[in-house]
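Accompanying notes for the structure given below.
Throughout, protein chains are lettered first and strands after them, A, B, ... in sequence-line order, and every chain is numbered starting at 1. Remember, predicted model here, so these are calculated numbers, not experimental data.
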There are 2 protein chains.
Amino acid sequence: MELTNVSKQIIKNLSVDCVVFGFENFELEVLLIKRKLNPGKDSWALPGGFILKSETLDDAAVRLLEETSNVKNIYLEQVHTFSKTDRFPLRRVISVAYLALVNPEKHSLKPGIDATDVKWQKVKDPIDFPFDHQEIFDRALNQLRKRVRTKPIGFELLPEKFSLTQLQNLYESILGEEVDKRNYRKRILSLKMLVPLNEYQKGVSHRAARLYKFDSKAFKKLKDEGFNFQL
Amino acid sequence: MELTNVSKQIIKNLSVDCVVFGFENFELEVLLIKRKLNPGKDSWALPGGFILKSETLDDAAVRLLEETSNVKNIYLEQVHTFSKTDRFPLRRVISVAYLALVNPEKHSLKPGIDATDVKWQKVKDPIDFPFDHQEIFDRALNQLRKRVRTKPIGFELLPEKFSLTQLQNLYESILGEEVDKRNYRKRILSLKMLVPLNEYQKGVSHRAARLYKFDSKAFKKLKDEGFNFQL
DNA sequence: TAACCTTATTGTATTTTTTACACTTATCAA
DNA sequence: TTGATAAGTGTAAAAAATACAATAAGGTTA
């Protein structure tokens with residue numbers, strides 16, 4: 001490893017923090033790491049780290065998620081940049097927050113170099129965040145709640161083939177409120193972004209639900225036509 | 001001036017760029033400065049500059065707008081952080097974009113230390129931006145178009161007392177499309193955020209329009225009740 | 001002072017969208 | 001075969017969005 005290589009130079013006053021959402025057992029979750037070092041040693045924090053001179057913020061977010069938790073190839077979007085002068089105790093660090101969506105089943109967790117542990121934590125359980133991570137988390141959750149009504153991002157959190165009930169559960173657990181089953185189905189199907197499959201749920205002791213998949217081409221077409229939906 | 005004072009230390013790899021919108025003569029405008037120095041000397045660019053160790057990004061945006069254009073005490077919101085590695089020619093600089101709203105009549109312009117000139121430029125006229133300022137501008141305009149439908153921010157751009165026609169003109173010039181007068185009035189008045197005054201337009205050679213003012217208390221109340229409007 | 005020009009102001013009928021609501025079907029387990 | 005559980009489905013009522021045009025007011029001009 002060439003530490004003198006310009007491309008590996010760390011920008012020490014700029015970090016990226018990722019709020020990674022997952023969905024398992026009908027519950028919205030967030031990915032946390034246990035910090036190996038001070039400040040905040042042993043506390044459960046948002047995964048993140050510093051950016052390199054050679055990479056964009058998006059690149060950094062991708063890299064840091066791989067490094068800190070082994071999570072790859074996921075939906076990412078920038079949320080906000082946090083800049084309180086005392087937000088990090090050691091020195092002035094400004095942090096760019098990212099929102100990420102992951103299907104937990106597709107990604108095995110593995111603590112990165114600066115963490116002793118990684119876990120999925122239910123969003124509705126209380127979390128004792130260090131630094132300003134509570135504020136970052138709140139903002140990211142807020143953004144997720146807006147997005148889920150205007151972009152079909154929820155599919156990132158589900159298996160490729162899913163039932164309408166799964167989709168509705170996800171939707172409800174992101175928004176934190178319940179919706180009418182028939183009305184939800186009507187709306188979501190009317191958008192023509194879902195294709196029904198000739199496959200059904202397996203291993204359940206009740207009527208098996210039909211499976212659907214997300215039709216990204218149909219969605220792209222809608223978008224190109226300037227169609228704005230609101231779920 | 002104590003250059004050694006920590007509070008005045010500049011963070012050289014982090015800048016703020018402001019997209020300042022104004023509304024004059026029924027037209028949406030943007031504030032541009034003529035750069036005094038290279039890179040981009042003499043080009044018309046977005047006002048901005050570097051942040052100080054002692055200030056937040058919001059603070060920096062406020063300060064830079066005062067410094068570069070004499071514009072004070074205005075609506076500000078963060079838009080996005082831009083980080084392409086080659087976005088600034090001299091060295092790696094990451095820039096946080098802000099959206100600002102100003103009533104041009106209330107602010108006299110005065111070029112700051114790094115500018116030879118300042119001006120309001122009509123948004124619909126072509127602008128030849130340096131660096132990645134086109135991208136920054138596009139994103140800010142986009143955000144403004146979203147905001148104007150979900151927050152009563154347009155009032156920042158108008159005099160304290162305004163007519164419904166003025167408000168509608170502003171709305172139309174932000175969105176770039178026309179709306180029906182009767183329906184617009186119905187909707188905006190139904191929100192109860194406007195109070196009709198016993199004052200009327202003056203100096204016009206036709207029927208004088210009634211003036212209204214924005215009722216920020218009523219709006220706050222609406223928001224506290226969790227009411228989300230969509231214009 | 002009457003005719004004219006310009007913009008302000010106002011209501012209704014139609015269409016579209018959203019909401020509320022409950023029974024039947026399928027599958028497995030007991 | 002009965003019971004339990006979740007899947008799947010339609011309609012009527014209410015609310016919201018849209019399309020649309022005549023009258024009022026103030027100033028200017030002939």
Side-chain angles (χ1 to χ4, degrees), chain A residues 23-27 148-150 154 158-159 161-173 175 177-213 222 225-231, chain B residues 23-27 145 148-150 158-159 161-173 175 177-213 222 225-231:
Chain A
F23 186 66
E24 255 179 330
N25 308 122
F26 311 101
E27 291 266 18
V148 80
R149 293 175 159 280
T150 55
L158 292 176
K161 299 168 184 179
F162 51 84
S163 69
L164 295 183
T165 301
Q166 273 181 294
L167 190 58
Q168 184 179 346
N169 282 335
L170 168 59
Y171 183 78
E172 289 175 334
S173 60
L175 291 183
E177 62 189 37
E178 303 202 335
V179 297
D180 180 85
K181 187 171 26 166
R182 277 174 291 190
N183 293 338
Y184 180 77
R185 283 165 184 239
K186 244 182 298 178
R187 267 204 313 248
I188 196 82
L189 290 176
S190 74
L191 298 173
K192 314 260 186 192
M193 296 184 322
L194 299 183
V195 276
L197 305 172
N198 283 323
E199 289 183 61
Y200 295 82
Q201 230 179 352
K202 275 173 190 157
V204 288
S205 75
H206 55 75
R207 178 170 179 178
R210 179 164 211 160
L211 301 180
Y212 291 76
K213 67 177 185 184
L222 280 183
E225 289 163 1
F227 181 70
N228 273 325
F229 65 92
Q230 178 97 3
L231 277 176
Chain B
F23 186 65
E24 256 179 332
N25 308 123
F26 312 101
E27 292 265 15
R145 287 183 171 156
V148 81
R149 293 175 160 277
T150 55
L158 291 176
K161 299 167 184 180
F162 50 84
S163 69
L164 295 183
T165 301
Q166 273 179 295
L167 191 57
Q168 182 178 348
N169 282 334
L170 168 59
Y171 183 78
E172 290 175 334
S173 61
L175 292 183
E177 62 190 35
E178 304 201 336
V179 297
D180 180 85
K181 187 170 23 168
R182 277 173 292 190
N183 294 336
Y184 180 77
R185 283 165 184 239
K186 243 182 299 179
R187 267 203 314 247
I188 196 85
L189 290 176
S190 73
L191 298 174
K192 314 258 187 196
M193 297 184 321
L194 299 183
V195 277
L197 304 172
N198 283 324
E199 289 183 60
Y200 295 82
Q201 233 179 350
K202 276 174 188 155
V204 288
S205 75
H206 54 77
R207 178 172 180 179
R210 178 164 211 160
L211 300 181
Y212 292 76
K213 67 175 183 184
L222 279 183
E225 289 163 2
F227 181 70
N228 273 324
F229 65 91
Q230 177 94 5
L231 278 176

- Task: Would you sort out whether V148(B) and L231(B) count as a side chain to side chain contact (heavy atoms under 4.5 Å, CB included), showing the intermediate values?
- Result: CA-CA 8 Å; V148(B) 81; L231(B) 278 176; over 6 Å; no
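- In the interface, the side chain of R207(B) is not paired with the base of dT6(C) through any donor and acceptor atom under 3.5 Å apart.
- Summarising the geometry, the separation between CZ on F229(B) and C1' on dA17(D) is reported as 17 Å, rounded to the nearest angstrom.
- Residue T165(A) places at least one side-chain N or O closer than 4.0 Å to OP1 or OP2 of dA7(D).
- The interatomic distance linking L211(B) (CG) with dA8(C) (P) rounds to 11 Å, in whole Å.
- Atom CG of L167(A) is separated from atom C1' of dA7(D) by 15 Å (rounded to the nearest Å).
- Applying the side-chain hydrogen bond (donor to acceptor under 3.5 Å, both in side chains) test to residues at least two apart or on different chains, the pairs with a partner in residues 200-210 of chain B are N198(B)-R210(B).
- Rounded to the nearest 0.5 angstrom, F23(B) CZ and L170(B) CG are separated by 5.0 Å.
- Within the 4.5 Å cutoff, the side chain of Q166(A) has heavy atoms near those of the P159(A) side chain.
- For K202(A) and dA26(C), the NZ to C1' distance is 16 Å, given to the nearest whole Å.
- Look at R187(A) and you'll find a side-chain N or O under 4.0 angstrom from OP1 or OP2 of dT19(C).
- Note: CG (N183(A)) to C1' (dA13(D)) measures 13 Å, nearest angstrom.
- Of the residues near DNA chain D, S205(A) and D180(A), the one whose nearest nucleotide (by heavy atom distance) lies more toward the 5' end is S205(A).
- Residue whose closest nucleotide on DNA chain D sits further toward the 5' end, between Q230(B) and A208(B): Q230(B).
- Across the protein-nucleic acid pair, Y184(A) atom OH and dT18(C) atom P stand 15 Å apart, rounded to whole Å.
- Distance Q201(B) CD to dT7(C) C1': 8 Å, rounded to the nearest Å.
- Following rounding to the nearest Å, R182(B) (CZ) and dT23(D) (C1') show an atom-to-atom distance of 12 Å.
- Checked by distance alone, K186(A) brings a side-chain donor or acceptor within 3.5 Å of a matching partner on the base of dT19(C).
- A 6.0 Å sphere centred on CD of E178(B) holds no more than 12 heavy atoms belonging to other residues, nucleotides or ligands.
- Between K181(A) and L164(B), it is L164(B) whose nearest contact on DNA chain C lies nearer the 5' terminus.
- Here R185(B) reaches the OP1 or OP2 of dT9(C): one of its side-chain N or O atoms lies under 4.0 Å away.
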